[in-house]
Amino acid sequence: MNFGIDVTGLCLDYGDTRALDDMTFSIAGGKIVGLLGRNGSGKTSLVSVLAAYRPETAGEVRVNGQRPFENAAVMSGVCLIREGGDVSDTSRVSTVLDFAARYRASWDWELANKLVDRFELPLRKRVRALSRGTKSALGVVLGMASRAPLTIFDEVHLGMDAPSRYAFYEELLADYLAHPRTFILSTHLIEEVSSLFEEVLIIDKGQVVLHEPTEDVRERGVAVTGPAAAVDTFTEGLTVLNRQQLGGSAQVTVFGELSDDRQRAAKTAGLELGPVPLQDLFVHLTKPRERT
Ligand SMILES: Nc1ncnc2c1ncn2[C@@H]1O[C@H](COP(=O)(O)OP(=O)(O)OP(=O)(O)O)[C@@H](O)[C@H]1O
């Protein structure tokens, strides 16, 4: 079972601060979605509404067809893991897992135990004695083993070191393939995790900037690689997102599709064309605009 999401005209205010500003989007169930946005763009606010931690100020939010806030049927099927962990600092790791197992209808102990071993979680230790990375790993175990129809990781893996993060991505993909469900991952570490995303939702200043299949997003630009002088000549006048040079070779990322003629011209000039790194597009789409 997996939960889909329908959001229409969603607004969320904290007093005078409008954190979510007229958001509209739908996510079909059974996908891994990347939620990308700069600091303060509204990622945590959005997932808090989806997971019923907060009521919306205006608009409509439907998770599995129902309004989440104070709705037991939705809340029991949504698992939001935030970086802080939301678990009692004084409890032992084993107690936190036991509690989650009692609360989560679809909890899977086999998976939990496998991940406890993989992340070397100290079951007897109290949560407050865990390092930041180990606490994040505990969050990963709670989120994965819940097998919730909608599982949301809000920047949970940022505290983990690279081997642990890659272990997380591997376990997430394996378990998703075996037990498809809806995942939302909010992150700043775009490139290393982007291969997992089937869809990308980019938000900025509380608004949706882009919501597309990842493949389509990558086709919104082109990475041009080859001898530096030829690359620069070819990309002159185009919207350049990024330029890297190594010795005599350069790679320039440009925004916008290239016509067939331009693509042929690139090949004739000995240039290689490739997909655009998601990170470059993200930076471009969320960069501050001049006010008019
Ligand atoms: N409890 C709160 N009270 C008042 N304003 C808040 C509160 N929580 C968030 N905000 C404001 O709402 C906006 C969105 O914040 P939010 O935490 O949702 O962004 P974010 O994308 O998760 O940021 P980050 O990547 O830095 O975690 C920001 O302007 C923030 O200052």
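Counting starts at 1 for both ligands and their atoms, following the listed order.
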- Task: Identify, with sequence neighbours excluded, every residue that meets side chain to side chain contact (heavy atoms under 4.5 Å, CB included) alongside Arg118.
- Result: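 Testing Arg118 for side chain to side chain contact (heavy atoms under 4.5 Å, CB included), a comparison that skips the adjacent residues, returns Ala167, Glu170, Glu171.
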When you pair each N or O of ligand 1 with protein N or O atoms, which pairs come out under 3.5 Å?
| residue | atom | partner | partner atom | Å |
| --- | --- | --- | --- | --- |
| ligand 1 | 18 (O) | Ser45 | N | 2.9 |
| ligand 1 | 18 (O) | Ser45 | OG | 2.5 |
| ligand 1 | 19 (O) | Gly42 | N | 3.1 |
| ligand 1 | 21 (O) | Ser41 | N | 3.2 |
| ligand 1 | 21 (O) | Ser41 | OG | 3.2 |
| ligand 1 | 21 (O) | Gly42 | N | 3.0 |
| ligand 1 | 21 (O) | Lys43 | N | 2.9 |
| ligand 1 | 21 (O) | Lys43 | NZ | 2.9 |
| ligand 1 | 22 (O) | Thr44 | N | 2.9 |
| ligand 1 | 22 (O) | Thr44 | OG1 | 2.8 |
| ligand 1 | 23 (O) | Gly40 | N | 2.8 |
| ligand 1 | 25 (O) | Asn39 | ND2 | 3.3 |
| ligand 1 | 25 (O) | Lys43 | NZ | 2.7 |
| ligand 1 | 26 (O) | Asn39 | ND2 | 3.1 |
| ligand 1 | 26 (O) | Gly40 | N | 3.4 |
| ligand 1 | 27 (O) | Glu155 | OE1 | 3.4 |

- In chain order, what residues pass the ring pair (Phe, Tyr, Trp, His ring centres under 6.0 Å) check against Tyr176, with sequence neighbours excluded?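 Per chain and number, Tyr176 pairs via ring pair (Phe, Tyr, Trp, His ring centres under 6.0 Å) with no residue.
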- Mind telling me whether Phe99 and Tyr103 have parallel, tilted or perpendicular rings, with 30° and 60° as the class edges?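 Taking Phe99 first and then Tyr103, their aromatic rings lie parallel (interplane angle under 30°).
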- Honestly, is Arg38 close enough over Phe282, meaning NZ or CZ under 6.0 Å from the six-membered ring centre and within 45° of the axis?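 Arg38 over Phe282 ring: no.
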- Item | Any pair counted as side chain to side chain donor-acceptor pair (under 3.5 Å), so long as it reaches residues 5-25, sequence neighbours left out |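 Listed once each, the pairs are Asp6-Ser26, Asp13-Arg18, Tyr14-Ser45, Asp21-Gln207.
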- Does the ring centre of Phe153 sit less than 6.0 Å away from the ring centre of Phe168?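 Here the rings of Phe153 and Phe168 have centres that are less than 6.0 Å from each other.
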